[in-house]
Chemist: 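Sharing a structure, written as structure tokens. Questions coming.
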2 protein chains.
Amino acid sequence: MSLSTETADKPTLYKRIRADIEKRILTGEWPPGHRIPFEHELVARYGCSRMTVNKALSELAQADLIERRRRAGSFVRRPQHQSAVLKIADIRAEITALGRSYGYELIGRKQRTATAADRERLGVKKAGKVVAISCRHSADNVPFAVEDRLIDLSSVPSAATADFSNEPPGSWLLHHVPWTEAEHTISAIVADDRTAEALDIAVGAPCLVIDRYTWRSARTITAVRLLYPGDSHRLVARFKGG
Amino acid sequence: MSLSTETADKPTLYKRIRADIEKRILTGEWPPGHRIPFEHELVARYGCSRMTVNKALSELAQADLIERRRRAGSFVRRPQHQSAVLKIADIRAEITALGRSYGYELIGRKQRTATAADRERLGVKKAGKVVAISCRHSADNVPFAVEDRLIDLSSVPSAATADFSNEPPGSWLLHHVPWTEAEHTISAIVADDRTAEALDIAVGAPCLVIDRYTWRSARTITAVRLLYPGDSHRLVARFKGG
DNA sequence: TTGACTTATATGTCTAGACATATAATCGTA
DNA sequence: TACGATTATATGTCTAGACATATAAGTCAA
């Protein structure tokens, strides 16, 4: 029964409708399972055409905030705790975003025909050429992470001639390879001798491990393992894309 | 210049337009930065009204696959490696999904007026009542994770009388608290005496830590710390909602 | 009570227009 | 050459209709 709807505000009408509904869901006023007013009711309430409220509701459905069922109506969805948005920034961007100076150091780079271990790591069957890169990222001259990467040259031939001595391979790939899919696996290990030395931490200290496997339409691009000192690094994942 | 567009297929037209464009982006045929045909060109190609192609493009924009710029056109976006969807399942669901038997054991439960440490952990200023719960999850009778949780009773009064001796608090909250927001922080530690005993691992073994902080519209609900054996547990995050 | 059939209805998709608005491009001027 | 004003244009939003379709709800018979 609220009025104050006919005076046009700054945001567009469908956005206002969407925001109104979103607010009621987020505050808990309309709990999961609650039926949202029918389109024709919203049309009457906001004094607009059905296409306008339809656009608002469609976007809420696309964002998984509501569920639409023919003939039944639209309903608030139960929160899906099991998915969260994990921000895994490009390391250079991550460090500079923290206001710290970024340092990069190429430790080793080898080009070879893929070994059995390489093939398994990349998930490919054929034995093609690969580049193996190992490097270290630092923040304010303190080791931040060590990276151990394999690039499949049959998918990214230009990586054969790319110069990784100044640019980290992650940044290079981001700029040279089109849209990709990726899978991240996160685990924890304790530092062995080599890792401890590279990260300048004690042997046996905890490390956070990110294994990222990247492909594009069933074609492997790269596999990378990142090791962070576990007590100083944090990965933050936030539910609902905040 | 391809025809075969006037014979109606099973999917609706706008979905077909969206799928056509998505495919070209995913295969790399249209790389990041590439300008997608103008709406009026797509209108001509598909022989439909502008609203139809607009709906297709709007959804692609909402999914961050393309970027739309007034007067300039629509462009393929650069892949955003820095965000991935992390599936953090309810532990019971996670274990049963693996086909293993789920075991739950309440270790301790205390109700108290929030201490300074509790208040800091929950991010609240006022000293209200809280419930502190400690429990253990197991899979096939092997320790899977230990949980240490704080619930703010001023936000969730019904938790005061809830019985957590058989139902894990995470599952209970999922069913009793409306839509929430959450932030996850992931780190690594080495097991101390108490943790090692609870998880049946060696002292000094790596552990993956998830700290989850949950709230609803600026109101704190719960803070939980989950400890997993780091060498046996893996968190999988997949880019682009696979 | 149960199952099969019918009907009402809310959403799903689409059209052929309209005006608004941000901005890339162009043109003109200092 | 550099800067400011103008213009053209692609997207952004919206309307008042239309028909399609899945399905909840009601109806009727076995």
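Proteins come first, then strands; the chains are lettered A, B, ... in the order of their sequence lines, and each starts at number 1.
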Chemist: Can you tell which of C/dA24, C/dT13, C/dT15 lies closest to the side chain of B/Ser49?
Modeler: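 Given the options C/dA24, C/dT13, C/dT15, the side chain of B/Ser49 is closest to C/dT15.
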Chemist: Grab the CZ-C1' distance between B/Arg16 and C/dG12 for me, whole Å please.
Modeler: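 It is 17 Å, rounded to the nearest whole Å.
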Chemist: Can you tell me the distance, in whole Å, between the CD atom of B/Glu67 and the C1' atom of D/dG12?
Modeler: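 Distance, rounded to whole Å: 15 Å.
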Chemist: If you draw the axis of the six-membered ring of B/Phe38, does the NZ or CZ of B/Arg35 fall within 45° of it and under 6.0 Å from the ring centre?
Modeler: yes
Chemist: Could you label the plane-to-plane angle of the B/His137 and B/Tyr104 rings as parallel, tilted or perpendicular, counting under 30° as parallel and over 60° as perpendicular?
Modeler: tilted
Chemist: Which part of the nucleic acid, if any, lies within reach of A/Ser58 when heavy atoms closer than 4.0 Å are counted: base, sugar-phosphate only, or nothing?
Modeler: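 Since no nucleic acid heavy atom lies under 4.0 Å of A/Ser58, the category is nothing.
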Chemist: Calculate the interatomic distance between A/Glu59 atom CD and C/dG12 atom P; express it in whole Å.
Modeler: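 Answer to the nearest Å: 14 Å.
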Chemist: Tell me whether the guanidinium CZ or amine NZ of A/Arg69 lies under 6.0 angstrom from the six-membered ring centre of A/Phe75 and within 45° of its axis.
Modeler: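 Output yes; distance and angle both within limits.
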Chemist: Nearest to the B/Arg68 side chain among C/dT13, D/dA22, D/dG12, which nucleotide is it?
Modeler: D/dG12
Chemist: Thinking salt bridges, do A/Arg225 and A/Asp211 make one under a 4.0 Å N-O criterion?
Modeler: yes
Chemist: For the side chain of B/Ala72, counting heavy atoms from C-beta on, which of D/dT23, D/dT11, C/dA24 is nearest?
Modeler: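 Nearest to the side chain of B/Ala72 among the choices is C/dA24.
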Chemist: Side chain of B/Leu13 only, please: which of D/dT11, C/dC14, D/dT13 is the nearest?
Modeler: C/dC14
Chemist: Would you tell me whether B/Asp140 and B/Ser101 have side-chain atoms, one donor and one acceptor, within less than 3.5 Å of each other?
Modeler: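 Yes, side-chain donor-acceptor contact under 3.5 Å.
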Chemist: Report the nucleotide, chosen from D/dT13, D/dT11, D/dT21, that has the shortest atom-to-atom distance to any side-chain atom of A/Tyr14.
Modeler: D/dT13
Chemist: Specify the separation, in whole Å, of atom CZ of B/Arg71 and atom P of D/dT7.
Modeler: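 Going from B/Arg71 (CZ) to D/dT7 (P), I get 14 Å.
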Chemist: Relative to the 5' end of DNA chain D, which residue comes earlier, B/Met51 or B/Ile36, by the nucleotide with the nearest heavy atom?
Modeler: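 Looking at DNA chain D, the more 5' nearest nucleotide goes with B/Ile36.
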Chemist: Does A/Arg69 or A/Thr52 map to a spot on DNA chain D nearer the 5' end, using the closest nucleotide for each?
Modeler: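 Result of the comparison: A/Thr52.
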Chemist: Does A/Lys55 make a side-chain N or O approach to OP1 or OP2 of D/dG12 shorter than 4.0 Å?
Modeler: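 Checking A/Lys55 against D/dG12: no side-chain N or O falls below 4.0 Å of OP1 or OP2.
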Chemist: What is the distance, rounded to the nearest whole Å, between atom NE2 of B/His40 and atom C1' of C/dG17?
Modeler: 17 Å
Chemist: Using whole Å, report how far CZ of B/Arg50 lies from C1' of D/dA10.
Modeler: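 From B/Arg50 CZ to D/dA10 C1': 8 Å.
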Chemist: Please report the distance, rounded to the nearest Å, between CD in A/Glu41 and P in C/dT9.
Modeler: 13 Å
Chemist: Would you mind reading off the distance between A/Glu39 atom CD and D/dA22 atom P, rounded to a whole angstrom?
Modeler: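 Rounded to the whole Å, the gap is 17 Å.
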